[in-house]
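Working notes, beginning with the structure itself.
Letters go in sequence order (proteins before strands), and every chain restarts at 1. Everything quoted here is computed from the prediction, not taken from an experiment.
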There are 2 protein chains.
Amino acid sequence: MMIGEVAEKTGFSVHTLRYYEKIGLLPETLRDAGGRRVYGPDVLVWLEFVERLKQIGMPIRDRVRYAEMRAQGDSTISARRELLQTYRDDLAKRVASLSETLDVLDAKIATYETAAKCNGASR
Amino acid sequence: MMIGEVAEKTGFSVHTLRYYEKIGLLPETLRDAGGRRVYGPDVLVWLEFVERLKQIGMPIRDRVRYAEMRAQGDSTISARRELLQTYRDDLAKRVASLSETLDVLDAKIATYETAAKCNGASR
DNA sequence: CCTTGACCTAGAGTACACTCTATCACCTAG
DNA sequence: CTAGGTGATAGAGTGTACTCTAGGTCAAGG
């Protein structure tokens, strides 16, 4: 796979993919004779996971840290577990809080609908 | 209430509160004889809601837009409802996706624990 | 051959949302 | 009456995470 295809499949832009490689979030890839990056299919799985880490609000620095540990192999497993655990617990709280906000929004929207109806009826 | 007290009660910094006023996210407040802002208790309720809008990822521009509509009164109710509805629907999707990610993380953490145990047993 | 399009690098620029600095005014307690 | 704390303004600076530009290489199709 060339970089354009990876971009298309993952939703990251070509620029972003090169940027991710530069900061160490993606491993350095093989190059073809012309110096162009050639990716294996594994990168898609990894990028999908990175996208998840991004969506839970893990800052890029920690994503890089995680990527570096992953590259170092099994010796970093417990550190990786701890890192994920921290974000997992945080995420659980955030999901709870967001669910609550969902209810608040629904209530607010409901009052707006009532208000609109009353206006409509009275005029 | 002076600005410091509002900051303490809401968790926003004094700087941020003044910034919010400048961009229109907070209404201009009354001032005392010395030119200092004097807030009523309502501002706490509003700021709590603003905080929620922030946490669901509404960009500050839309928060300001919402604040401006609110200040304009009842004529903007349906526009406000629409704006909230958009973010509500988005939020519902995000909550679902984050719950999924929570499962992914739990699974990952579980495999790390298994890996650690196996290593531990073999050594 | 030459154009088109995908790729390359290094590095500058952007958007967002604050966050801080410098410098000043005012009030209260010691 | 002065020191400390809180308030004020305008505007500069920061951190995060991209995003884009300039200037170039390379392979394939017309």
Legend entry - Value in whole Å for how far the C1' atom of D/dT9 lies from CD of B/Glu28: 14 Å
Inset, instruction - Verify whether one side chain among B/Gln55 and B/Glu51 offers a donor that lies under 3.5 Å from an acceptor in the other. - result: yes
Inset, instruction - Provide, to the nearest angstrom, the distance between the CG atom belonging to B/Leu25 and the P atom belonging to C/dA17. - result: 10 Å
Legend entry - Atom pair distance, as rounded to whole Å: CG in B/Asp62 and P in C/dA15: 17 Å
Inset, instruction - Would you confirm whether A/Thr76, through its side chain, and A/Gln72, through its main-chain N or O, come within 3.5 Å as a donor-acceptor pair? - result: no
Legend entry - B/His15 or B/Ile60, whichever maps to the more 5' nucleotide of DNA chain C: B/Ile60
Inset, instruction - Measure the distance from OH on B/Tyr19 to P on D/dA8 and round it to the nearest whole Å. - result: 18 Å
Inset, instruction - Rounded to the nearest angstrom, tell me the gap between atom CG in B/Leu30 and atom C1' in D/dA8. - result: 16 Å
Legend entry - Under-4.0 Å side-chain N/O to phosphate OP1/OP2 contact, A/Lys54 with D/dC18: yes
Inset, instruction - Report the distance from atom CD of B/Glu21 to atom P of D/dG7, rounded to the nearest whole Å. - result: 14 Å
Inset, instruction - Look at the side-chain heavy atoms of Ile, Leu, Val, Met, Phe, Trp and Tyr, link any pair under 4.5 Å apart, and say whether A/Val38 and A/Tyr20 land in one connected group. - result: no
Inset, instruction - Answer with base, sugar-phosphate or nothing: what part of the nucleic acid does A/Tyr20 contact at a heavy-atom distance below 4.0 Å? - result: sugar-phosphate
Scan nucleotides 4-8 of chain C against the protein and return all N/O pairs shorter than 3.5 Å with their distances rounded to 0.1 Å.
residue	atom	partner	partner atom	Å
C/dC7	OP1	A/Gly4	N	2.9
C/dC8	OP1	A/Arg37	N	2.9
C/dC8	OP1	A/Arg37	NH1	2.7
C/dC8	OP2	A/Arg18	NH1	2.4
C/dC8	OP2	A/Arg37	NH1	3.4
C/dC8	O5'	A/Arg37	NH1	3.4
C/dC8	O3'	A/Arg31	NH1	3.4

Inset, instruction - Supply the atom-to-atom distance A/Glu8 CD to A/Ser13 OG, rounded to the nearest 0.5 angstrom. - result: 13.0 Å
Inset, instruction - Measure from CD1 on A/Ile23 to P on D/dT19 and round the result to the nearest Å. - result: 13 Å
Inset, instruction - Could you tell me the separation between the CE atom of A/Met58 and the C1' atom of D/dC18, rounded to a whole number of Å? - result: 18 Å
Legend entry - B/Phe12 reachable from B/Met2 in the ILVMFWY side-chain graph, under 4.5 Å edges: no
Inset, instruction - Please name the pair of heavy atoms, one in A/Leu17 and one in A/Leu47, separated by the smallest distance, quoted to 0.1 Å. - result: CD2-CD1, 3.6 Å
Inset, instruction - Take the angle between the ring planes of A/Tyr66 and A/Trp46 and call it parallel below 30°, perpendicular above 60°, tilted in between. - result: parallel
